[in-house]
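Below you'll find the structure, written out as structure tokens, and then a few comments.
Every chain is numbered from 1 and lettered A, B, ... according to where its sequence line falls, protein lines coming before strand lines.
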Amino acid sequence: MNLVEIGNDIIIKDLTDFNLAQTLECGQCFRFSKLQDNKYILTAKNKLLIIEQIEDELIFYDTSLNDFNHIWKDYFDLDTDYKEIKDYLIVKDSIMEDVIKSGSGIRILGQDFVEALISFIISQNKQIPQIKQVIEHLCTKYGALLQQYNGINYYSFPTIDQLKTLTEEDFKECKAGFRAKYLVDACANLSSGSIKEKELLELTSPEILDKLCTIKGVGVKVSNCVLLYGLKRKEAFPIDVWIKRVMENLYFKEETKLEILQSYAKEKFGDYGGYAQQYLFYYSRT
DNA sequence: CTCCAGGTCGTTG
DNA sequence: CAACGACATGGA
């Protein structure tokens with residue numbers, strides 16, 4: 001990796017297979033906003049980051065080398081060879097060539113486990129702009145103030161210690177609607193230790209999926225999102241309405257049951273299912 | 001006003 | 001066990 005420090009900024013040069021806008025706007029994360037073309041402000045891992053891509057350079061503004069090495073390199077999946085992943089997918093399935101072309105700079109972000117779980121419980125039966133709103137309400141009310149930028153306060157995602165005190169009414173005030181009781185149950189599971197990230201990491205993906213599905217309001221789709229975005233299980237293949245539609249159009253040409261789609265993806269994309277899913281999602285939305 | 005949205009639950013046949 | 005409506009909220 002070609003890294004340069006200039007003042008308080010860190011610049012990564014000669015990037016390949018990376019597009020910041022695609023990565024942030026492909027629906028995997030919710031806590032970011034666009035400052036200008038290819039320049040974003042985002043909060044993750046208890047930090048505020050201003051980041052810009054100019055051609056094949058990525059600029060991390062006001063970022064220490066320590067934060068880059070320990071947080072952002074991993075968050076943006078910069079050590080993964082996406083060329084190899086794309087080649088694998090295209091060899092397995094020629095249809096993927098066009099699909100990947102549409103979002104060829106997507107990276108899968110390494111998000112916080114609790115944030116991914118809470119966010120994707122909120123996501124059910126909601127549109128992305130509204131998901132973002134509910135999450136922002138939650139963070140503004142219960143997160144810690146990180147920093148002010150251009151007169152706007154930016155907050156961290158609440159910790160489980162903060163979340164565990166919230167009632168169903170508190171979540172409803174954040175406009176979570178009928179999901180409020182699900183969020184309470186998720187937080188109870190997390191704070192009681194009945195679900196612990198460290199213990200999940202020891203399990204196989206199917207075992208984690210079963211465990212997550214014991215939370216009220218968490219089904220197969222949300223669990224797979226948590227596996228992929230919050231626990232780095234790159235074989236996870238979450239199937240939502242968009243993925244269902246695009247797979248039916250590209251591969252089946254007719255209505256197809258979830259189980260069929262799921263096993264098809266497993267056979268076709270294997271350990272790289274998560275990447276395939278992300279390319280498919282982006283393709284189907286553009 | 002009606003319809004529907006990154007799903008899941010509880011209830012029916 | 002497959003099918004179906006309910007569920008809060010807000011935007012089209």
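At the heavy-atom level, A:Gln277 lies under 4.0 Å from base atoms of the strands shown. As judged by a 4.0 angstrom heavy-atom cut-off over every strand, A:Lys175 is placed among residues touching the sugar-phosphate backbone only. In this structure, A:Phe30 reaches the bases: a heavy-atom distance under 4.0 Å links it to at least one base atom across the strands shown. Within 4.0 Å of A:Gln28, counting heavy atoms only, lies at least one base atom of the nucleic acid. As judged by a 4.0 angstrom heavy-atom cut-off over every strand, A:Val222 is placed among residues touching the sugar-phosphate backbone only.
Summarising the geometry, the separation between NZ on A:Lys244 and P on B:dT8 is reported as 14 Å, rounded to the nearest angstrom. Distance A:Arg179 CZ to C:dG10 P: 11 Å, rounded to the nearest Å. Here the P atom of nucleotide C:dA8 and the CD atom of A:Glu173 are 16 Å apart, to the nearest Å. A straight line from CH2 of A:Trp242 to C1' of B:dA5 spans 10 Å, rounded to a whole angstrom. If you take CG of A:Leu212 and C1' of B:dG7, they are 15 Å apart, rounded to a whole angstrom. The CD atom of A:Glu255 sits 15 Å away from the P atom of C:dA2 (whole-angstrom rounding). Distance NZ (A:Lys216) to P (C:dC7): 17 Å, rounded to an integer number of Å. Following rounding to the nearest Å, A:Tyr182 (OH) and B:dG10 (P) show an atom-to-atom distance of 7 Å.
Comparing A:Gly177 and A:Gln133 by the nucleotide of DNA chain C that holds the closest heavy atom to each, the one mapping nearer the 5' end is A:Gly177. Residue whose closest nucleotide on DNA chain B sits further toward the 5' end, between A:Ile215 and A:Tyr229: A:Tyr229. Both A:Gly217 and A:Phe120 lie near DNA chain B, and the one whose nearest nucleotide falls closer to the 5' end is A:Phe120.
With A:Lys232 as the fixed residue, the salt bridge (charged side-chain N to carboxylate O under 4.0 Å, His left out) test singles out one of A:Asp74, A:Asp112, A:Asp77, A:Asp79: A:Asp74.
Candidate nucleotides C:dT9, B:dG7, C:dA2 were compared by shortest atom distance to the side chain of A:Lys257, and C:dA2 ranks first. Each of B:dT8, B:dA5, C:dA8 was ranked by its minimum atom distance to the side chain of A:Phe178; first place goes to C:dA8.
Sparse packing is recorded around CD of A:Glu55, with 12 or fewer heavy atoms of other residues, nucleotides or ligands lying under 6.0 Å away. For A:Glu97, the CD atom sits in a loose shell: 12 or fewer heavy atoms of surrounding residues, nucleotides or ligands are nearer than 6.0 Å.
A distance below 6.0 Å separates the ring centres of A:Tyr82 and A:Tyr275.
Using the six-membered ring where Trp is involved, A:Phe120 and A:Tyr229 have ring planes that are parallel, under 30° apart on the 30 and 60° scheme.
On the P atoms, C:dA8 is 15 Å away from B:dT11, given to the nearest whole Å.
Using a 4.0 Å cut-off, no side-chain N or O of A:Lys132 falls inside it from OP1 or OP2 of C:dG10.
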